[in-house]
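Encoded as structure tokens, the structure appears first; notes follow it.
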Amino acid sequence: MDSIVVIDFETTGLSPNQGDRATEIAAVLIRDGQIVDRYQSLMNAGVRIPSYVEALTGISNAMLRKAPPIDRVMGEVSDFVADYPLVAHNASFDRKFWDAELDRIRVKRKQDFICSMLLARRLLPQAPNHQLGTLIALAGLPVTGRYHRALADAEMTANLTLYLEQELMRRFSLPGINHALLGKIQKTPKAQLKQCVERFRHLCVE
DNA sequence: TGCCAGGCCCTCTTTAGGGCCTT
């Protein structure tokens, strides 16, 4: 099983195109089916967090005033992530901010994103919804901290991803999981999941 | 002036609309 990094951003809003900025990031390195390293930091981009987002995340403007500058944090987390494949829950959101913040420090993304929400929609269609908290409860996984804080969400997304990998291995009798297989599955219509796994079974090794 | 995300996915679809999910 190869290494992957799960990331989670907290931000001032939903869209970097509308001026929203990152306020916190966490990155969790998974190797051989276990979390082996973590990075987490608040970051100060010199912008205000709207009060409703402060209430949502528990990250206040006072906390950001004491946080390190965003350029330094993004440089550090970019080094931590290196060229490992990235995972996030609803990855289209984190990818937008990852690309926008790296662009500001003139760093280019080196890898693709895998989305745990798209995988869960395919592998856990019976879930009442596919919010992170619902899936953690459904899978019986531990709540590792406050939801909407970066490290807790990244750790829970990491545990969910490992759970989904186990589910995939069990359901299709796979000897192991390769991130390239996850990348194929997240884009495959539910009805064609079996054919997709069989087509790319050769990617999986013990 | 008023508005302001966007990618994915389902369906009463594909010349579209609307819900989900992330902060």
Side-chain angles (χ1 to χ4, degrees), chain A residues 5-28 40-64 67 70 73-74 77 85-104 109 111-139 141 143-161 163-164 182-193 195-196:
Chain A
V5 175
V6 179
I7 67 164
D8 186 79
F9 273 110
E10 303 307 317
T11 69
T12 62
L14 294 175
S15 175
N17 290 336
Q18 301 295 314
D20 291 319
R21 299 295 304 275
T23 58
E24 186 181 43
I25 190 164
V28 172
Q40 177 275 330
S41 182
L42 291 166
M43 48 187 148
N44 186 353
V47 295
R48 278 196 69 76
I49 308 175
S51 56
Y52 69 93
V53 178
E54 279 188 322
L56 178 73
T57 65
I59 299 171
S60 67
N61 285 294
M63 289 162 69
L64 285 201
I70 191 166
V73 173
M74 288 308 301
V77 73
L86 286 166
V87 179
H89 198 69
N90 195 19
S92 65
F93 172 84
D94 292 275
R95 186 179 57 225
K96 279 189 303 191
F97 280 93
W98 183 257
D99 288 346
E101 296 297 0
L102 284 192
D103 194 48
R104 289 172 176 270
R109 170 157 59 90
Q111 63 278 85
D112 290 329
F113 271 81
I114 293 162
C115 177
S116 56
M117 185 188 74
L118 294 183
L119 292 175
R121 280 179 176 171
R122 286 157 176 76
L123 295 168
L124 303 174
Q126 76 278 18
N129 61 60
H130 295 86
Q131 295 173 21
L132 180 60
T134 302
L135 295 170
I136 291 298
L138 181 75
L141 296 169
V143 177
T144 61
R146 176 181 172 147
Y147 282 106
H148 295 298
R149 284 302 301 266
L151 185 58
D153 281 5
E155 286 181 329
M156 288 189 279
T157 300
N159 289 334
L160 175 64
T161 302
Y163 177 89
L164 293 172
L182 298 181
K184 300 291 182 188
I185 286 173
Q186 71 175 349
K187 296 175 184 169
T188 299
K190 258 183 289 192
Q192 294 169 27
L193 206 54
Q195 295 91 317
C196 176

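In what follows, chains carry the letters A, B, and so on, assigned in the order in which the sequence lines appear, proteins first and then strands, with residues in each chain numbered from 1. What's counted below: heavy atoms across the whole structure, side chains too, no hydrogens, waters or symmetry copies. Everything numeric in this text was worked out from a predicted model, so none of it was measured.
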Heavy atoms from C-beta onward define the side chain here; which of [options] lies closest to that of [X]?
| X | options | result |
| --- | --- | --- |
| A/H130 | B/dC10, B/dC21, B/dA5 | B/dC21 |
| A/T11 | B/dT23, B/dT22, B/dG7 | B/dT23 |
| A/K96 | B/dC21, B/dT23, B/dA5 | B/dA5 |
| A/Q18 | B/dT23, B/dC21, B/dA5 | B/dA5 |
| A/R121 | B/dC8, B/dT23, B/dG6 | B/dC8 |
| A/L118 | B/dC8, B/dA5, B/dT23 | B/dC8 |

If you pin A/Q186 and A/Q131 to their nearest nucleotides in DNA chain B, which one's is more 5'?
-> A/Q186
Ignoring hydrogens and geometry, is there a side-chain-to-backbone donor-acceptor pair from A/H148 to A/I59 under 3.5 Å?
->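 Checking the backbone N and O of A/I59 against the side chain of A/H148, no donor-acceptor pair under 3.5 Å is found.
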Under 4.0 angstrom, heavy atoms only, what part of the nucleic acid is [X] near: base, sugar-phosphate, or nothing?
| X | value |
| --- | --- |
| A/R21 | nothing |
| A/T57 | sugar-phosphate |
| A/N129 | sugar-phosphate |
| A/I49 | nothing |

At less than 4.0 Å, is any side-chain N or O atom of [X] found next to OP1 or OP2 of [N]? Yes or no.
| X | N | value |
| --- | --- | --- |
| A/H148 | B/dT23 | yes |
| A/R95 | B/dT22 | no |
| A/K187 | B/dC8 | no |
| A/N17 | B/dG6 | yes |

Name all residues meeting the side chain to side chain contact (heavy atoms under 4.5 Å, CB included) criterion together with A/R95; count only those two or more places apart in sequence or in a different chain, and write none if there are none.
-> A/S92, A/D99, A/R109, A/F113
Quick one: which of A/N129, A/L141, A/L160 gives a side-chain contact (heavy atoms from CB on, under 4.5 Å) with A/L135?
->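 That would be A/L160.
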Per side-chain contact (heavy atoms from CB on, under 4.5 Å), A/V6 is matched among A/N159, A/T157, A/D153, A/L86 by A/T157
Looking only at atom [atom1], what distance separates [N] and [M], rounded to whole Å?
| N | M | atom1 | result |
| --- | --- | --- | --- |
| B/dG2 | B/dG6 | P | 22 Å |
| B/dT23 | B/dA5 | C1' | 11 Å |
| B/dC3 | B/dG7 | P | 23 Å |
| B/dT13 | B/dG17 | P | 12 Å |
| B/dT14 | B/dC8 | C1' | 16 Å |
| B/dG18 | B/dC4 | P | 14 Å |

Atom [atom1] of [X] to atom [atom2] of [N]: distance rounded to whole Å?
| X | N | atom1 | atom2 | answer |
| --- | --- | --- | --- | --- |
| A/Y147 | B/dT22 | OH | C1' | 15 Å |
| A/L135 | B/dC20 | CG | P | 14 Å |
| A/N90 | B/dA5 | CG | C1' | 11 Å |
| A/Y52 | B/dT23 | OH | P | 13 Å |

Pairwise salt bridge (charged side-chain N to carboxylate O under 4.0 Å, His left out) hits with a residue in residues 11-28 of chain A, at least two apart |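 As it turns out, the salt bridge (charged side-chain N to carboxylate O under 4.0 Å, His left out) pairs with a partner in residues 11-28 of chain A, which skip direct neighbours, are A/R21-A/E101, A/E24-A/R149.
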Just how far is it from atom SG of A/C115 to atom CD1 of A/I185, taken to the nearest 0.5 Å?
->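 Spacing of SG (A/C115) from CD1 (A/I185) equals 13.5 Å.
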